[in-house]
Amino acid sequence: QVQVVESGGGLVQAGGSLRLSCAADGSIYRIFDMAWYRQATGEQRELVASITKGGRTNYVDSVKGRFTISRDNTKNTVYLEMNSLKPEDTAVYYCLADIEPYGLEPRKDYWGQGTQVTVSS
């Protein structure tokens, strides 16, 4: 049984920092791309940052220079360091992991439950 769990969200003042973590757990053979999405109230879910198995990264323009995505393949974990936070960063942040389990289960995307990030002005 594979699951993906985020942690690290919370309330922070503008200009502050947070570090989000996302750990994949279970009968995992391989993890390919991992990514962070966010969804603000009344808005569509947005891809914030992604990272390949080999460590290549991409970011949405609005967070470039402020956010850093990284991963530790020995721990099946992806991180999102968020610096210089702005009120417009307020959203529920979701982790996505492209996972191939052991056995007969097919490779597919696994989503975390989301963690709330609120940035006050």
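Considering OG1 of Thr52 and CG of Asp98, their distance stands at 11.5 Å, rounded to 0.5 Å. With values rounded to the nearest 0.5 angstrom, Gln116 atom CD is found 9.5 Å from Leu11 atom CG. Between Tyr37 atom OH and Leu80 atom CG the span is 13.5 Å, to the nearest 0.5 Å.
Evaluation of the disulfide bond (SG atoms under 2.5 Å apart) test over residues 25-83, restricted to residues two or more places apart or in two chains, returns none. Residue pairs satisfying the disulfide bond (SG atoms under 2.5 Å apart) criterion with at least one member in residues 22-78, sequence neighbours excluded, are listed as follows: Cys22-Cys95. Sorted by first then second residue, the salt bridge (Lys or Arg N to Asp or Glu O under 4.0 Å) pairs that include residues 12-32, not counting sequence neighbours, are Arg19-Glu81, Arg30-Glu100. Note on residues 33-88: no pairs pass disulfide bond (SG atoms under 2.5 Å apart), not counting sequence neighbours. Listed by first and then second residue, the salt bridge (Lys or Arg N to Asp or Glu O under 4.0 Å) pairs that reach into residues 46-57 are Arg38-Glu46, sequence neighbours excluded.
Counting heavy-atom neighbours within 6.0 Å of Tyr29 OH, excluding the residue itself, gives a total of 12 or less.
With hydrogens and angles disregarded, no donor-acceptor distance shorter than 3.5 Å links the side chain of Arg71 to the backbone of Asp33. Side-chain atoms of Gln113 come within 3.5 Å of backbone N or O of Glu6 as a donor-acceptor pair.
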* Please step through salt bridge (charged side-chain N to carboxylate O under 4.0 Å, His left out) for the pair Lys86 and Asp89, ending with a clear verdict. => CA-CA 5 Å; Lys86 304 174 181 180; Asp89 295 317; over 6 Å; no
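Residues Asn73 and Ile31 form no side-chain contact, since every pair of their non-hydrogen atoms from C-beta on lies 4.5 Å or further apart. In this structure the side chain of Met82 reaches within 4.5 angstrom of the side chain of Leu20, judged on heavy atoms.
Residues Val92 and Tyr110 do not share a hydrophobic cluster, defined by chaining ILVMFWY side chains whose heavy atoms lie under 4.5 Å apart. Tyr94 and Val63 sit in two unconnected hydrophobic clusters of ILVMFWY residues. Membership requires side-chain heavy atoms under 4.5 Å apart, directly or through other members. If you chain together hydrophobic residues whose side chains sit under 4.5 Å apart, Met34 and Leu18 fall into the same group. Placement of Val117 and Tyr79 in two distinct hydrophobic clusters is found when ILVMFWY residues are connected by side-chain heavy-atom separations under 4.5 Å, directly or transitively.
Ring orientation note: the planes of Phe67 and Tyr93 are tilted relative to one another, at an angle of 30° to 60°.
In this structure, Ser17 and Ser84 approach most closely via the heavy-atom pair OG-N, 4.3 Å. Scanning all heavy atoms of the two residues, the minimum distance from Trp36 to Ser21 falls at CH2-O, 3.7 Å. Heavy atoms only, all atoms of each residue included: Leu47 and Ala35 are closest at CD1-CB, 3.8 Å.
In this structure Glu88 satisfies the side chain to side chain donor-acceptor pair (under 3.5 Å) test with no other residue, sequence neighbours excluded.
Checked against Val4 for a side chain to side chain contact (heavy atoms under 4.5 Å, CB included), the options Ile99, Val78, Leu96 give a single hit: Ile99.
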